[in-house]
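The figures that follow rest on heavy atoms only: side chains count, while hydrogens, waters and symmetry mates do not. In what follows, chains are A, B, ... by sequence order, proteins preceding strands, each numbered from 1.
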Amino acid sequence: MSETPAEARSLNFLEEIVEADLKSGKCESIHTRFPPEPNGYLHIGHAKSICLNFGLALKYAGKTNLRFDDTNPVKEETEYVDSILEDVRWLGFQPAHIFYASDYFEKLFELAVRLIKKGLAYVDDSSSEEIALQKGSPTEAGVENEYRSRSVDENLRLFQEMRDGRYADGQKVLRAKLDMSSPNMHLRDPILYRIKHAHHHRTGDSWCIYPMYDFAHGQSDSIEHITHSICTLEFVPHRPLYNWLIEKLEIFPSRQYEFARLNLTYTVMSKRKLLQLVNEQFVSGWDDPRMPTISGLRRRGYTAESIRHFTERIGVQKRDNLIDVSLLEFCIRENLNKTALRKMVVFDPLKLVISNYPDTVEMLSSEDYPEGAEINSSRELPFSRELYIEREDFMEEPPKKFFRLSPGKRVRLKSAYIIQCEEAIKDASGKITELRCTYLPESKSGADSSGLKVQGTLHWVSAPHAINIELRLYDRLFKVENPGSEDGDFKEYINPDSLQVLTHAVAEPSLRNAKFNQGYQFIRKAYFCLDKDSSEEKIIFNRTVSLKDAWAKEVKKG
RNA sequence: UGCCCGAUAGUAUAAAGGUAGUACGACAGAUUUUGAUUCUGUUUGUCGAGGUUCGAAUCCUCGUCGGGCAACCA
């Protein structure tokens with residue numbers, strides 16, 4: 001595919017920065033990084049960051065590291081590290097290196113010592129409450145305390161003692177000596193190190209002091225020679241500190257750039273909230289198919305390609321945004337339309353008997369992909385006298401434009417024959433239990449000499465050959481577009497009908513051999529994928545996304 | 001109300017002082033053995049007021065609105 005000049009000029013602001021830096025010689029090649037804290041599962045917002053960081057490096061022949069920002073031992077777990085590794089790879093990216101901030105604890109300690117020696121950091125004995133108080137407020141300057149004037153030697157000794165475990169949690173911290181009256185709160189002598197006698201998932205008990213984000217992130221970037229450190233907007237106020245530390249430490253000058261995080265309608269996108277949904281069991285886990293996590297989307301049937309494509313389409317900017325989830329749905333439909341195997345599944349079966357069809361079984365061929373698809377294959381389907389069709393595909397008194405079955409009307413059974421409805425059998429309560437139809441032998445699919453045109457085509461399953469499957473139909477997790485911005489607890493806005501389980505669906509027999517990592521389209525209904533809960537005895541499918549439904553819209557209009 | 005970031009159709013995103021374009025959505029139609037897909041068409045936009053300029057979405061000023069910042073979290 002060749003790009004037109006117009007497209008080539010349409011770069012996002014990060015690409016513009018990179019091109020300018022490459023052109024000016026500010027850097028020879030670019031080096032980015034994706035730096036998650038392993039305190040939760042990755043979500044689609046992280047996918048945006050991943051695609052951005054890896055995408056930039058791919059486009060400009062650079063490198064991208066995966067770095068775990070594991071500086072807070074009480075929140076981080078190996079389970080999360082493993083899931084992040086899996087999700088990044090699944091998305092299709094190969095990190096140049098995999099690092100951990102904890103790899104740098106010793107170096108970071110040395111850097112802190114360097115800062116103390118320059119008289120730019122001091123050990124503070126104040127409690128966290130006192131420090132908060134002394135910090136002032138956005139409109140009031142902070143005040144300097146007595147510890148701020150400690151000598152370099154005393155600071156050096158005290159910091160070493162902190163490391164040696166001589167103090168309890170909270171007793172002392174190391175702070176940068178900056179400006180207690182700065183209008184930027186982050187510059188009011190930020191804490192660099194705190195004492196935590198906690199077990200770290202990688203370094204175990206060898207450390208009892210841990211660097212804060214501001215004294216780990218930029219320094220790790222610098223150690224890895226990251227040229228473009230791309231993060232989200234909430235870190236903008238940290239940038240002056242990021243640069244100050246690099247300057248004073250005289251280390252590799254990584255530069256930070258910020259973009260707006262992704263927000264999606266009808267979901268929440270913060271690890272804190274997602275963790276609540278998991279812990280309070282509003283969902284079955286991090287990989288519940290309703291979750292916006294990468295593992296949830298994967299289980300739901302989203303492909304990595306569709307997610308990558310989605311992140312390209314939403315673009316990247318510095319303004320806050322709320323992306324319509326219909327764009328994500330468009331991306332997966334677009335992808336699955338090309339790759340999903342077509343199958344026939346009846347969600348809500350209604351028996352249909354073809355009275356003039358012999359008591360035999362006929363094998364009929366049906367295409368696996370739609371006409372015009374790159375792949376072209378077909379499968380054999382058993383057809384017999386007794387079938388199931390969708391209950392909603394029959395109406396005794398049809399409204400206008402109802403192209404399906406009703407008494408006396410004709411429809412085609414997909415890949416089979418044209419049938420005509422003769423009679424609806426009801427039980428004592430008036431519920432329809434069975435349809436009696438006749439078929440036109442000369443209307444066989446592919447060899448139709450009947451000359452008849454019908455308006456509707458229905459999917460069906462041969463009753464004696466049908467297999468029972470469970471269908472899990474997912475809907476949006478929240479009832480409102482932006483649950484995070486509503487008043488009160490976001491959990492009040494959870495959609496109580498976000499999961500509907502159909503246990504009596506029937507499917508064509510080929511679905512007994514359904515595979516994981518294969519998309520299926522249950523024709524006229526929706527895209528599905530096999531769920532991990534599936535077994536030989538119980539075959540379970542997750543609805544990825546429904547097909548667009550013009551008839552449903554028509555009905556809604558009334 | 002101190003500092004910082006931002007504002008282009010319903011939602012996103014282009015236009016680098018020179019025709020406001022694209023995608024999704026919505027709506028209408030054509031094709032269709034999936035009411036899917038595909039195709040065609042329609043719809044709606046530069047936050048406001050000044051200024052600079054032959055010319056402003058773009059530059060300047062003042063507003064307005066939205067978001068972020070006062071964790072020993074990242």
Side-chain angles (χ1 to χ4, degrees), chain A residues 6-7 9-12 16 35-37 39 69-72 74-76 124 126-128 131-132 135-142 169-175 182-188 191-196 210 212-214 216-217 231 233-240 258 260 265 271-272 313-331 333-334 337-338 342 344 366-367 370-373 401-404 411-416 418 443 445-446 448 454-459 481 521-526 546-554:
Chain A
E7 280 168 341
R9 201 168 58 242
S10 184
L11 303 171
N12 67 47
E16 283 178 5
E37 183 190 13
N39 67 344
D69 223 341
D70 55 351
T71 56
N72 186 1
V74 300
K75 287 170 106 183
E76 296 147 10
D124 193 329
S126 310
S127 67
S128 71
I131 288 177
K135 251 189 187 168
S137 72
T139 51
E140 281 172 288
D169 290 9
Q171 238 182 318
K172 284 181 166 46
V173 290
L174 183 73
R175 291 228 256 168
S182 170
N184 181 344
M185 297 297 291
H186 291 283
L187 264 29
R188 319 247 263 229
I191 293 170
L192 267 23
Y193 265 90
R194 77 289 214 191
I195 299 170
K196 270 184 200 278
Y210 293 93
M212 296 286 288
Y213 167 84
D214 286 305
H217 199 102
C231 62
L233 245 27
E234 66 267 28
F235 293 99
V236 170
H238 293 251
R239 181 159 20 99
E258 311 87 6
T265 55
K271 278 189 195 170
R272 206 191 90 246
R313 281 172 181 263
I314 59 175
V316 53
Q317 254 307 334
K318 295 185 76 132
R319 45 181 174 253
D320 293 325
N321 60 76
L322 179 62
I323 309 278
D324 199 323
V325 73
S326 64
L327 181 61
L328 216 211
E329 292 175 346
F330 167 80
C331 290
R333 285 196 189 103
E334 182 188 45
N337 180 46
K338 294 183 204 136
R342 310 293 127 134
M344 292 213 263
S366 190
E367 63 275 17
E371 208 180 333
K401 292 200 244 177
F402 185 80
F403 300 152
R404 309 176 185 186
V411 293
R412 172 171 292 281
L413 294 175
K414 171 75 179 168
S415 300
I418 291 175
S443 67
S445 184
D448 187 349
V454 291
Q455 288 191 108
T457 300
L458 307 186
H459 60 283
E481 277 204 336
Q521 187 200 90
F522 297 169
I523 62 166
R524 300 212 305 135
K525 300 298 273 183
S546 59
L547 254 34
K548 281 212 248 171
D549 190 346
W551 173 243
K553 270 184 191 171
E554 188 70 32

Assert: residue with more 5' nearest nucleotide on RNA chain B, out of Tyr193(A) and Phe403(A), is Phe403(A)
Would you mind classifying the nucleic acid contact of Leu547(A) as base, sugar-phosphate or nothing, using non-hydrogen atoms under 4.0 angstrom? base
Considering only heavy side-chain atoms of Lys548(A), the closest of G25(B), A74(B), A70(B) is G25(B)
Review point. Are Asp448(A) and Arg412(A) ion-paired here, with the side-chain N under 4.0 Å from a carboxylate O?
Key: yes
With a 3.5 Å cut-off and no angle check, do the side chains of Asp69(A) and His217(A) form a donor-acceptor pair? yes
Picking from U33(B), A12(B), G25(B), the nucleotide nearest the side-chain atoms of Ser326(A) would be G25(B)
Check this one for me: any side-chain N or O of Lys553(A) less than 4.0 Å away from OP1 or OP2 of A26(B)?
yes
Exercise for the section: Can you tell me, in whole Å, how much space there is between the C1' of A74(B) and that of G68(B)? Expected result: 15 Å
Margin query: Please classify the nucleic acid contact of Arg342(A) as base, sugar-phosphate, or nothing, using heavy-atom distances under 4.0 Å.
Written below: base
Quick one: does His186(A)'s side chain get under 4.5 Å of Pro240(A)'s, heavy atoms only? no
Against the side chain of Leu327(A), the closest entry in C72(B), A36(B), C24(B) is C24(B)
Applying the 3.5 Å cut-off to both distances, the Watson-Crick or G-U partner of A26(B) turns out to be U42(B)
Give a yes/no on whether any side-chain N or O of Arg194(A) is located under 4.0 angstrom from OP1 or OP2 of C73(B).
yes
With rounding to the closest Å, how many angstrom separate the P atoms on U22(B) and C54(B)? 32 Å
Using the P atom as the reference point in each nucleotide, state the distance between C73(B) and U58(B) in Å, no decimals. 45 Å
Taken to the nearest whole Å, CZ/Phe330(A) to C1'/A12(B) is 13 Å
Taking a pair to mean Watson-Crick or G-U wobble geometry with both distances below 3.5 Å, U37(B) pairs with none
Pairs: protein N or O with nucleotides 3-8 of chain B N or O, under 3.5 Å:
unit_1	atom_1	unit_2	atom_2	d
A7(B)	OP1	Arg319(A)	NH1	3.2
U8(B)	O4	Arg319(A)	NH2	3.3

Cut-off 3.5 Å, side chains only: do Asp124(A) and Ser126(A) have a donor facing an acceptor? yes
Sugar-phosphate, base or nothing in reach of Arg404(A), heavy atoms under 4.0 Å: base
Do Arg412(A) side-chain and U33(B) base share a donor-acceptor contact under 3.5 Å? yes
Paired to U52(B) by Watson-Crick or G-U wobble criteria (both distances under 3.5 Å) is none
| field | Pairwise C1' distance for A23(B) and C5(B), with rounding to whole Å | value | 27 Å
Roughly how many Å apart are A9(B) and A15(B), using the P atom of each and rounding to a whole number?
16 Å
Paired to C65(B) by Watson-Crick or G-U wobble criteria (both distances under 3.5 Å) is G6(B)
Report task. Scan His238(A) against the nucleic acid and name what it touches under 4.0 Å (heavy atoms): base, sugar-phosphate only, or nothing. Result -> base
From the candidates C73(B), G25(B), C72(B), the one with an atom nearest any side-chain atom of Glu37(A) is C73(B)
Determine whether the aromatic ring of Tyr213(A) stacks with the base of A74(B), defined as ring centroids separated by less than 5.5 Å and ring planes inclined by less than 30°. no
note: Arg175(A), atom CZ; A71(B), atom P; distance rounded to Å ~ 11 Å
Could you tell me whether Gly142(A) contacts a base, only the sugar-phosphate backbone, or nothing, with contacts defined as non-hydrogen atoms closer than 4.0 Å?
nothing
Worksheet item: Base, sugar-phosphate, or nothing: which does Thr71(A) touch, judged by heavy atoms less than 4.0 Å apart?
Response: sugar-phosphate
- So does Glu367(A) pair up with Arg342(A), basic N to acidic O under 4.0 Å? no
Gln521(A) has its side chain closest, among A70(B), U34(B), C73(B), to U34(B)
When both distances are under 3.5 Å in a Watson-Crick or G-U wobble arrangement, the nucleotide paired with U58(B) is none
When every non-hydrogen atom of Lys271(A) is compared with those of Glu37(A), the smallest separation belongs to NZ-O, 2.9 Å
Between CG of Asp214(A) and C1' of C72(B) the distance, given in whole Å, is 12 Å
- Any side-chain N or O of Lys196(A) under 4.0 Å from OP1/OP2 of C73(B)? yes
Check your understanding: When the P atoms of U42(B) and A57(B) are considered, how many whole Å apart are they?
Key -> 24 Å
Between NE2 of His186(A) and C1' of A70(B) the distance, given in whole Å, is 8 Å
- prompt: Ignoring hydrogens and geometry, is there a side-chain-to-backbone donor-acceptor pair from Asp214(A) to Ile191(A) under 3.5 Å?
  reply: no
Charged N to carboxylate O under 4.0 angstrom, Arg313(A) versus Glu334(A)?
yes
request  = Give one of base, sugar-phosphate or nothing for Ser415(A), where a contact means two heavy atoms less than 4.0 Å apart.
outcome  = base
Check: Can you tell me if the side-chain N/O atoms of Arg524(A) get under 4.0 Å from OP1 or OP2 in G35(B)?
Finding: yes
From CD of Glu481(A) across to C1' of A12(B) the rounded distance in Å is 13 Å
Exercise. Between U8(B) and U44(B), how far is it from one C1' atom to the other, in whole Å?
Worked result: 13 Å
Side-chain atoms of Asn321(A) come closest, of U33(B), A12(B), G35(B), to A12(B)
| request: Determine the contact category for Lys172(A): base if any of its heavy atoms lies under 4.0 Å from a base atom, sugar-phosphate if only primed atoms, P, OP1 or OP2 are that close, otherwise nothing. | output: nothing
The Watson-Crick or G-U wobble partner of U19(B), with both key distances under 3.5 Å, is none
**OP:** Classify the nucleic acid contact of Tyr210(A) as base, sugar-phosphate or nothing, counting any heavy atom under 4.0 Å across all strands shown.
**Re:** nothing
Regarding the side chain of Ile314(A), the nearest nucleotide among C69(B), A36(B), A12(B) is A12(B)
What distance, rounded to whole Å, do you find between the two P atoms, one in C47(B) and one in G29(B)? 35 Å
The answer to which of Val454(A) and Asp324(A) contacts RNA chain B further toward the 5' end, by nearest nucleotide, is Asp324(A)
Discussion item. Should the side chain of Thr457(A) and the base of U34(B) be counted as holding a donor-acceptor pair, with the cut-off at 3.5 Å?
Written reply: no
Main-chain N/O of Ser415(A) paired with Ser366(A) side-chain donor or acceptor, under 3.5 Å: no
| query | Is it true that a side-chain atom of Arg404(A) and a backbone atom of Gln455(A) form a donor plus acceptor pair closer than 3.5 Å? | reply | no
**Prompt:** Base, sugar-phosphate, or nothing for Phe522(A), non-hydrogen atoms under 4.0 angstrom?
**Reply:** nothing
Glu234(A) has its side chain closest, among G35(B), C72(B), G68(B), to G68(B)
Original post:
Going by distance alone, is a donor N or O of one side chain under 3.5 Å from an acceptor N or O of the other, for Ser326(A) and Glu329(A)?
Top reply: no
Q: May I ask you to decide if Ile418(A)'s main-chain N or O and Ser443(A)'s side chain share a donor-acceptor pair within less than 3.5 Å?
A: yes
Discussion item. Mind checking if Ser126(A) touches a base, just sugar-phosphate, or nothing, with heavy atoms under 4.0 Å?
Written reply: base
Here the distance between atom P of G25(B) and atom CD of Glu329(A), to the nearest Å, is 10 Å
Mind checking if Leu458(A) touches a base, just sugar-phosphate, or nothing, with heavy atoms under 4.0 Å?
nothing
